[in-house]
Asker: 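Below you'll find the structure I mean.
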Amino acid sequence: MAKKISIDPITRLEGHGKIAIFLDDAGGVEDCYFQIPELRGFERFVVGRPIEELPRIVTRICGVCPASHHMASAKAVDGCFGHQIAPLALKLRDLYYHAHYIHSHIAHFYALAAPDFVCGPDSDPATRNVLGVVAKVGLEIGGAVVRARAQAQKIQQIVGGRTTHLVWCLPGGVSKGIKKEELDAIRPMVDELYDFTQFSLKLFKDVVLGNPAYVDLILNGPYTLDVQQMGLVDENNAPNFYDGKVRVVDFQGNEICKYAPEEYTQNVAEHVEPWTYLKFPYLKKRGWKGFVEGIDSSIYCATPLARLNVADRMATPAAQEAYEEMFSTLGQKPCRALLAQHWARLVEMVFDAEMLRKYRDDPEITGDAFRVVPDRITGEGVGIVEAMRGTLTHHYTCDEKGVCTSANLIVGTTNNNAAIHMVTKKVAKAMIRPGAEPTQGILNMIEMAFRAFDPCFSCATHSLPGQMPLEVRIFKAGEPHREFRRGC
Amino acid sequence: MLSARVRTLLLGMGNPILTDDSVGVRLARDLARDLEGVPGLEVVPECSVGGLNLIEVLSGYDRVLIFDSVRTRGGRPGDWYRFTAGSLRETRNLRNVHDVNFATALALGRRLGHPLPPDEEIHVFAVEVEDDATFGERLSPALEEAYPEILGEVRRDALALLGAGPPS
């Protein structure tokens, strides 16, 4: 007779998100802590290895945004070799990266954001998922979503040779270019992706903006933070995901600083709290002032919305139109309504698709001068790109033989750690009222707060069950009061 | 042996440089050598994608053998479990922070008409691990010690599975 064993996966010891909510005597929220795991030892792991190997290793840091790490790492390695790089390689890397962005943003919007808005934030948890979305919007749209993702992935495969664990970027360029026949294969996919991004934008307008309750939730709910904004921009202060300078503006739109990657240590520092392994980056020149909102706060967001908030314009026409419409509708720029992240992602997708078109039509893109072999080692490099979920910094040093001597990373989500912590607390305070017993619904309303950041914690591990378990513990008078669990 | 008409995928899941998280990849690589020449068998020894991407990874196969790591309450490193996708209860209703989970991806893929294997032909071999949060190329000592026995047992089951004929 078969033995029945129930497996209760916890993934790893600290492997699930924990939200600890402390209630005061009246039953209101006194404090709230959001804790997540962090992978350990990467900096130690890479020391002693040839520096040019790092872009190939870092793709294993994260299963969700491996290309972001690959690109940031490649740029840092380029720095270690004196920034000698083939101009065509910059275009090819950027082309790849825009396809990667679309691939990621589609997943977030349709699988994670849409359930809250298409099905409703308080709908039955059993149907508040991508299957519920498909049931509402139809199989045809569901199929289009999967198809668009597949096309974005196919473009990455054609351009970079692989979809996930890239071995493509080399010091001075990339290992392969695009042949004319490969460009011909990409050509129709680019047009289809552009149409899909426009469709997604329209869907958002119809479903979300067409519902006054959702607009009210976005603009007037507790999902707002008065903190500063960060994003990578080009020379015209338009968003650039692969290259440029990091611009920081306050939430009233005043520029605080604009720095080159090499200047990051002068502008960003990391605060440590005893209750979590993950650090809290802050604006160094302002000093750590705690988890506080306000015009003088040193906390910042580095998110899709932040990228648009710090920008003066978009670099492409359709994205510019979408950008203007978004801020005009929201009635504020910078916009502090965190749920508007979902809209910002769609504007970014339009930009991505337009950039794919631009490169597709570039007569130089099929050239063969895609790498220069560096002839010197300068020993230090900083690479910054915009990962989908925030500004990503890789900083390496190497010795005269090109062997890595140090590495420091500030990953996308870490930038937002303080903001996530703050908004989680803010939403918990708004949702848990004195005298009213918290319900399961609190889990989703709180999750909506940090899910807007598209956080990516320790995603390099793929242990079952393949999702980040979440645990919400509520303490009253210091004692455990209630507990909600999901997948753990 | 398995008919060549039946397409079988042997899939190693995990991160090869994250200590015990690599155990599924190592098992897939070791078993691939044993199973070389089995008709209709394809091996992807290292897969680290999840969520919606799995629809494409699994599409077109009649049967899948997945090797992965797991941590359970009270589990001992080296324990291993075998179950099918039909046992992934509850998870369908829940969402990952960034992507959908395995059960949801399967359900969505089927609803959209992708040729995915049935739940009972998706066999998961999950090994209990100790450390999957530290970067390193070796298994933890406890798991390394248990590995030869795990490999022997998993190999026995996998071979039996592949010799059981085409899915009914």
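Just so you know, these numbers use all the heavy atoms, side chains as well, and skip hydrogens, waters and symmetry mates. Within every chain, numbering begins at 1; the chains are lettered A, B, ... in the order of the sequence lines, protein sequences first and strands thereafter.
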Asker: How long is the span from the CD atom in B:Glu56 to the CD atom in A:Gln153, to the nearest 0.5 Å?
Answerer: 5.0 Å

Asker: Identify the heavy atoms of B:Arg111 and A:Leu131 that sit nearest to each other, and give their distance.
Answerer: NH1-O, 3.7 Å

Asker: Report the distance from atom CG of B:Leu112 to atom CZ of A:Arg147, rounding to the nearest 0.5 Å.
Answerer: 13.0 Å

Asker: Return yes when atom CZ of B:Arg156 has more than 12 non-hydrogen atoms of other residues, nucleotides or ligands closer than 6.0 Å, and no otherwise.
Answerer: yes

Asker: Could you tell me which portion of A:Glu140 (side chain, backbone, both or neither) has an atom closer than 4.5 angstrom to a non-hydrogen atom of chain B?
Answerer: neither

Asker: Can you say whether B:Asp131 sits under 4.5 Å from chain A via the side chain, the backbone, both, or neither, judging by heavy atoms?
Answerer: side chain

Asker: Do other residues, nucleotides or ligands put more than 12 heavy atoms under 6.0 Å from the CD atom of B:Glu153?
Answerer: yes

Asker: Check this for me: B:Glu145, atom CD, are more than 12 non-hydrogen atoms of other residues, nucleotides or ligands nearer than 6.0 Å?
Answerer: no

Asker: Under the ring pair (Phe, Tyr, Trp, His ring centres under 6.0 Å) test, which residues partner A:His342, sequence neighbours left out?
Answerer: A:His108, A:Phe117

Asker: Parallel, tilted or perpendicular: which fits the ring planes of A:Phe45 and B:Phe135, with parallel below 30° and perpendicular above 60°?
Answerer: tilted

Asker: Is any NZ, NE, NH1 or NH2 atom of the basic residue among A:Arg49 and B:Glu137 found under 4.0 Å from an Asp or Glu carboxylate oxygen of the other?
Answerer: yes

Asker: From A:Arg60 CZ over to B:Asp21 CG, what is the distance, rounded to the nearest 0.5 angstrom?
Answerer: 12.0 Å

